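Everything numeric here is computed off the predicted structure, so don't read it as measured data. Below, chains carry the letters A, B, ... as their sequence lines are ordered, and counting in each starts from 1.
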Number of protein chains: 2
Amino acid sequence: MDLLETRELRYFVTVAEELHFGRAAERLGMAQPPLSRAIQQLERRLGVPLLERNRRGVTLTRAGEVLLHEGRATLDAATAAARRTRRAASPGNRLVLAVKSGADHELLRKLLDAHAAEPDAAEVEVLLCGIGEQERLLRDGRADAALVHLPFDCLVARHATLVG
Amino acid sequence: MDLLETRELRYFVTVAEELHFGRAAERLGMAQPPLSRAIQQLERRLGVPLLERNRRGVTLTRAGEVLLHEGRATLDAATAAARRTRRAASPGNRLVLAVKSGADHELLRKLLDAHAAEPDAAEVEVLLCGIGEQERLLRDGRADAALVHLPFDCLVARHATLVG
DNA sequence: GGATGTTACGGTCTCCGTAACTATG
DNA sequence: CATAGTTACGGAGACCGTAACATCC
């Protein structure tokens with residue numbers, strides 16, 4: 001299966017967000033023509049129309065909506081890959097735990113203590129964040145784990161066990 | 001920040017799996033020199049050594065291990081993006097539910113009935129698979145949802161609600 | 001006629017393969 | 001001296017920007 005390049009996904013996601021080739025090209029720091037060609041090539045390679053070029057701008061097809069979602073996820077994964085790889089090489093090398101600001105500090109304390117008691121426990125850095133922010137932090141690699149409530153819609157990745 | 005191209009990740013993952021530039025190049029259908037250069041460039045761009053070139057082959061650094069894992073995830077995401085986008089455009093457009101072979105048929109029946117009763121319910125295609133296979137199917141887009149037991153280590157993505 | 005997206009064309013830069021080089025056991 | 005990885009070098013292809021074109025209000 002032909003793989004999508006991250007450059008192409010970045011282009012498509014920008015166009016899909018702006019719904020306007022001109023503004024998208026500006027955001028990307030490039031001219032419209034190569035952007036237009038890249039999208040056409042993407043549609044040809046997938047064999048699927050992604051945009052409807054109407055009078056007055058652009059609309060996403062159903063397939064385009066799906067690629068917008070999946071493309072964002074892929075770009076986040078690439079960003080996370082770079083970030084976590086760099087972090088793995090840095091001496092600090094702490095596990096980043098995303099905790100929303102209003103969380104139960106009692107529970108957090110217990111968790112961290114229990115984790116610290118385990119053998120070979122990694123050092124944990126607590127990253128306080130807004131309420132809806134945890135998923136994003138996990139997706140793009142700024143965090144490695146998060147404290148969430150079940151049911152959680154879309155657990156993205158978990159990189160280490162905090163408690164057994 | 002998002003500097004990693006899919007091509008580079010494919011190269012690195014192959015080398016990391018083979019731990020041998022020659023065999024990796026062969027698997028990739030290319031010559032060793034451009035592969036060697038691509039990896040060097042990747043290390044330069046990340047500012048992190050990924051491989052230790054020892055006498056007698058190659059070893060992964062800690063950062064290399066992380067990039068192997070994250071790179072696979074990114075490549076899977078790209079594959080899933082292409083697959084789901086193509087599927088979204090096909091007329092059938094069914095939701096694929098991965099169910100491991102030994103699963104409870106009674107429960108499955110109830111779930112499917114409950115789902116079918118919802119308004120605007122998508123048609124569901126049940127994909128029977130082996131026991132450890134569900135995560136992989138979700139990751140690379142061959143399935144959109146899966147029936148799993150909690151605790152589930154690494155929920156990757158959920159694309160539609162089957163039951164409320 | 002102005003705004004928006006698409007071809008046309010030419011230059012540049014990247015990527016690849018062959019061949020020569022280095023290092024190690 | 002055989003094996004594995006890296007430079008050196010030249011060519012083919014990809015990508016981009018400018019300019020000209022098509023279409024729709």
* To do: Please state whether the phosphate of D/dT6, meaning OP1 or OP2, lies under 4.0 angstrom from any side-chain nitrogen or oxygen of B/S36.
  => yes
* Name of the residue among A/L75, A/L50, A/L4 meeting side-chain contact (heavy atoms from CB on, under 4.5 Å) with A/F12 -> A/L50
* What do you reckon, is CD of B/E26 surrounded by more than 12 foreign heavy atoms closer than 6.0 Å? -> no
* Asked: Could one point to a donor on the side chain of B/R37 or the base of D/dG5 with an acceptor on the other under 3.5 Å away?
  -> no
* Any side-chain N or O of B/R23 less than 4.0 Å from the OP1 or OP2 oxygen of D/dG5? -> no
* Structure fact -> Among C/dC15, C/dT6, D/dA8, the one nearest any side-chain atom of B/P33 is D/dA8
* Structure fact -> A/F21 has its side chain closest, among C/dC16, C/dG5, D/dC16, to C/dG5
* **Heavy-atom neighbours of B/E43 CD exceed 12 at 6.0 Å** => yes
* Structure fact -> Taking C/dC16, C/dT4, D/dG17 as options, the one with an atom nearest any side-chain atom of A/M30 is D/dG17
* Asked: Could B/D144 and B/R94 be called an ion pair, given the rule that one side-chain N must be under 4.0 Å from one carboxylate O?
  -> no
* B/Y11 side-chain proximity, nearest of C/dC16, C/dT18, D/dA4 -> C/dC16
* Tell me which nucleotide among C/dT6, D/dT7, C/dT4 gets nearest to the side chain of B/Q40. => D/dT7
